[in-house]
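Reminder, nothing fancy here: chain letters follow the sequence lines and each chain counts from 1.
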Amino acid sequence: MFDLEKREKFILLILITILLIGIAIGFYQKRAVHVGVKPGDFTYLSENHSTEDPSITTSKININESDLVGLTKLKGVGSVLAGRIIEYRSTNGSFRSVEELKKVKGVGQKLYEKIRDGVSID
Amino acid sequence: MKRPILYCALSFSVGIALANAAIPVLYPISLCLISIILAVVLFKNNILSHILLYLALISFGTAYSQNYNTLPDKHISKFAVEGGREVFLKGVVVDDPVIKKAFYDGNKISFTLDTKGIKCGSGEESVTGLVKTDIYTSGRVRPPNAGDELIIGGKLSRPEGLKNPGLFDYSRYLKIKNIYATLSVSENDPVKVLRSGRANPVIGWAYRVRHSISGSIKRYVDKRYSGFLNAILVGERSELDSSITDDFVRTGTVHVIAISGLHIALVAGIFLVIFKAFRIRKKTNLVLTSFAVIFYCFVAGSSPPVVRATVVFVIASLGYIIDRESDLLNSLSLAAFLILLANPKELLDPSFQLSFGSVISIVLFAPRIEELFGKNRNYVVKSAAVSIAASIGVFPIVAKYFNIISPVAVLANLVIVPALFVLTVTSFIFLSLNLIGALFCLGWMGMVLSMMTRATFYINHLFAQIPLSYMRIPAPSLFFIWAYYALLAYTLFAKNIKHIFMAALVLLNIFVWSQAISHRPGDLKITFLDVGKGDSAIVQFPTSGTMLVDGGSGGVEGMTDAGKSVVAPYLWNSGIRRIDAVVVTHFHEDHLGGLFYILENFKVGCVIDNGEPSSDDMPLYEKYIGIVKKNRIQRIIVSDGDEITGFGRAKILVLNPVKAVRDIDPNDSSLVLKITYNDFSALFCADVSSEAMGRIMAYGDLLRSNIIKVPHHGGDLGDMAVVKRFFNLISPQVSITSAGGRYRFSKISKKTQELIDALDSTSYQTKKQGAINIVSDGTRFKVTPFCQKN
């Protein structure tokens, strides 16, 4: 169309090639990423057991004597749940076994298994 | 044709541009004198003396601009401080006050005050200088008139500078208008009119016409369309819907909304036809029309673009009246020279660059483009040529300030510009009928106007919907802009189309490659934006992928939307058009509000949230879910222990909320993320308080991070002993607090600040330092706050 000389054709070819490479790089950098989730099974907690704050996990928490703040130190137990535990204690008397925790509203099997090793009754 | 004025205006502009480099004023003055003397002495050598005279003009431009920018001793800016202080000002209102709806049903009355005196504390002093005044009132304060002399109390402050890269700089915009201070007046501050109506009677009359026009438009035209009509007729843009403006920006027809050359030409055309109908001779007609246009300039609020267009028109018709060869380029140059003489700072004004860029480009290139169409030159070809020429002329400026390129502009202008013409003429007929009190047909005419405006909106919206009608592009580099204009200048002289084509290819290469190498592979980049009160951070991952954590406040009618005004422009400006993951830490307005605009206007890969809306957040939550569903965005719900994958070597770990715990404060169930890239790590703490921290601390050493985003904007965090232990566990080198806000100021708690200070870390606040950018290669990292000086 433009009636190009040989040298001009050569320059044109180089320019277009460089341009295409640049565009390709741009697209490569902006390519879509597939975002996914690896569900956590609290492995990080168990792996890092030794490095944790000793007051939180190494000494067991007495669920019959501990107050609200003490109970919330349990992983997975917030102030609401701690309040329910105390409420259970005051209406039903002391826990006779650790397993009795499951009777507290909001403590399911999963949470129970998680905190079982961290609590004691005496 | 010889165009000496063109070269004079160009040299003067170059001089002004050079004034920004700090050269002692003595140099340009002496250079100017020496060049003039040499030119006179070497008069016989024609070319040399010409060059010397232009050199003299350049140095004159520098000296003139420097002198202009030097403020007098008693200038009001000396009293304005950051953060503001209470003062009383005495001064005269110089422009027509604009009344705008502020949020919470109030009004905002804005005008410019030419100050005469100031009283702060005990001392009273005389001052000079302009102050942008905003009165916030629920209707008690009556708006003053132009020319009124006032005593007014309020908070005088220095306009806040730019806080995020690539955004509209309000303080610079005011400085171009010679305003260095703002006064914020609240309901209870005194506003007292000392003397009223001392303005020029003609200007006063023009403002009355302005009010009467906008009043009758508002009365007879549907509310949805009157804002647009008032914008194109009298330049009153206060009630213009921003979504309408967005559409006009997208189709490259936004010049229709701001009164400028096109409108002045239309109005002049209307008057020329009217006067011609009375058989007035052409020269007399031009004189009369010039006066009419000058009057209209005041009616339209005499904003800089209107004044520029008026000056150009008057000079062009003057040229015709005194029988000079009518050359538009010469008239334009003279107009530019005079405007810059009046205010050299306008050269840096985007609107000045757009006005003159487009008009000069039309004059130079439209005829050449027409040639390409061959012999057949009907209306369509001519208009298309004009439109293409204008687009070519302003492309880099539009790309720089609006981050957009609109190929559809060529098509859209073919329809929208005639639509503007029809709308203007119909409005003129309507207003004349109103003037003679033809009441019986006004309601009907108002309806016709509404329908026509609606049709214009609809057509424009259709243009914006065409695929590839517009594209968001990153701001081009200064080098690219100069190279582009050099190429344009070259095409004026080049005969060989092959060479133009090659040069254009080189230019494209520069553009593409400067984007390709801007992001170094292997770098993790985190940018905390200043969104006032609220959070927003953008993470660009080493190989590929972007994540946006929160979007600041927004989504509420009548309030600033951080997503629209900060996050989106920042993303466009830095060339990000796709976000792979948008993280909603929790459903509070100052985190989620700004994200609505982002979700609607960007390609979003997925959204990540905690799936735990509290009952208070339901309206926002439902809106969010609605947008996510409508746009078919994948939604991922995460909680503690989960790992977000897909971003190459960078790991993202979710530390909060704890799955098993329900019914807690929404702040405490917000997502806490830890991003790790080899040895570098950053902890995003969202809004958690000591309660959640107590639980998160179970992660022990895993919390240790280089960077911490301080929880809850540095506000009150609850049990300080827990917070202290939490901070010590993290032991960050850098802490970033996202706080601020012009309207709803969020205070950084004293206790929290003490804890931050006690850490062995450098602390940054978006309120003070603006956007904060962190780049890491996986071992070391570098923090660059956008505002360095604080």
Fill in: Residue pairs passing the side chain to side chain donor-acceptor pair (under 3.5 Å) test where at least one lies in residues 573-583 of chain B, sequence neighbours excluded
Asn403(B)-Asn573(B), Arg578(B)-Asp580(B)
Worksheet item: When the ring centroid of Phe602(B) is compared with that of Trp572(B), is the distance short of 6.0 Å?
Response: yes
Practice prompt. Select, from Gly575(B), Ser639(B), Ser544(B), Ala516(B), the one with the greatest count of heavy-atom pairs under 4.5 Å involving chain A.
Written response: Ser544(B)
Worksheet item: Given the rule in the side-chain contact (heavy atoms from CB on, under 4.5 Å) test, do Ile538(B) and Leu571(B) qualify, once you have shown the distances and angles that lead to the verdict?
Response: CA-CA 9 Å; Ile538(B) 292 144; Leu571(B) 291 173; 3.6 Å; yes
Practice prompt. Check each atom of Ile644(B) against the heavy atoms of chain A and say whether the ones under 4.5 Å are side chain, backbone, both or neither.
Written response: both
Please tabulate, one pair per line, all N/O donor-acceptor pairs under 3.5 Å involving side-chain atoms of residues 501-511 of chain B, not counting sequence neighbours.
from: Asn509(B); atom 1: OD1; to: Leu19(A); atom 2: N; distance (Å): 3.1
from: Asn509(B); atom 1: ND2; to: Leu15(A); atom 2: O; distance (Å): 3.2
from: Asn509(B); atom 1: ND2; to: Leu505(B); atom 2: O; distance (Å): 3.4

Worksheet item: Relative to chain B, which of Lys30(A), Gln29(A), His34(A) shows the most heavy atom pairs under 4.5 Å?
Response: Gln29(A)
Worksheet item: Using a cut-off of under 4.5 Å for heavy-atom pairs, which of Ile18(A), Ile25(A), Ile21(A) has the most such pairs with chain B?
Response: Ile18(A)
